[in-house]
Amino acid sequence: MFIFIKDDRLENNVVAFDLQGNKLWNIGEIVGDVKMAFDSISYITSADAEREFGIKTEPTHNLFKCICAGFVFIIDASNRELLLKLSGKVK
């Protein structure tokens, strides 16, 4: 049996910084308290988000597909908001 214990996932394993080293955001600030580390994060275009997930956004926004514990999170890093959370198999 595995038990995953992490007191505060607001400090997670995905943190964004600008080129001057200033912290922009932490993934936990956008998706909430997730009890496991993220397995992957990748940039997606607004066209990809619309085609794969039915999400319409401005083409200038920075969108990311993040995977953790069987969930897929689509986040808009420009607005620091969670656009979609899916569980299970994705197209």
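In what follows, residues are counted from 1 in the order of the sequence shown.
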Can you find a pair of side-chain heavy atoms, one from [X] and one from [Y], that are under 4.5 Å apart?
X     : Y     : value
Pro59 : Thr45 : no
Trp25 : Val14 : yes
Lys65 : Phe53 : yes

**OP:** Could you tell me whether a side-chain N or O of Glu52 sits under 3.5 Å from a main-chain N or O of Ala49, the two making a donor and an acceptor?
**Re:**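 Not at all, since once roles are kept as given, no pair shorter than 3.5 Å links the two residues.
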Original post:
To the nearest 0.5 Å, how far apart are CG in Asp48 and CD1 in Ile55?
Top reply: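 It is 11.0 Å, given to the nearest 0.5 Å.
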Check: residues 74-83 side-chain donor-acceptor pairs under 3.5 Å, at least two apart:
from	atom 1	to	atom 2	distance (Å)
Asp76	OD1	Ser78	N	2.9
Asp76	OD1	Asn79	N	3.2
Asp76	OD2	His61	ND1	2.6
Asp76	OD2	Asn79	ND2	3.3
Ser78	OG	Asn62	N	2.9
Arg80	NE	Leu24	O	3.4
Arg80	NH2	Leu24	O	2.7

Closest contact, heavy atoms only, [X] versus [Y]:
X     : Y     : value
Ala69 : Met36 : CB-SD, 3.6 Å
Lys85 : Phe71 : CE-CD2, 3.5 Å
Thr57 : Ser46 : OG1-CB, 3.4 Å
Cys68 : Ala37 : SG-O, 3.5 Å

**OP:** Take Phe38 and Phe73 through the test ring pair (Phe, Tyr, Trp, His ring centres under 6.0 Å) and record every step on the way to the result.
**Re:** CA-CA 10 Å; Phe38 279 78; Phe73 300 86; 5.6 Å; yes
**OP:** Kindly indicate, with the supporting measurements, whether the criterion side-chain contact (heavy atoms from CB on, under 4.5 Å) is fulfilled by Cys66 and Val72.
**Re:** CA-CA 6 Å; Cys66 312; Val72 175; over 6 Å; no
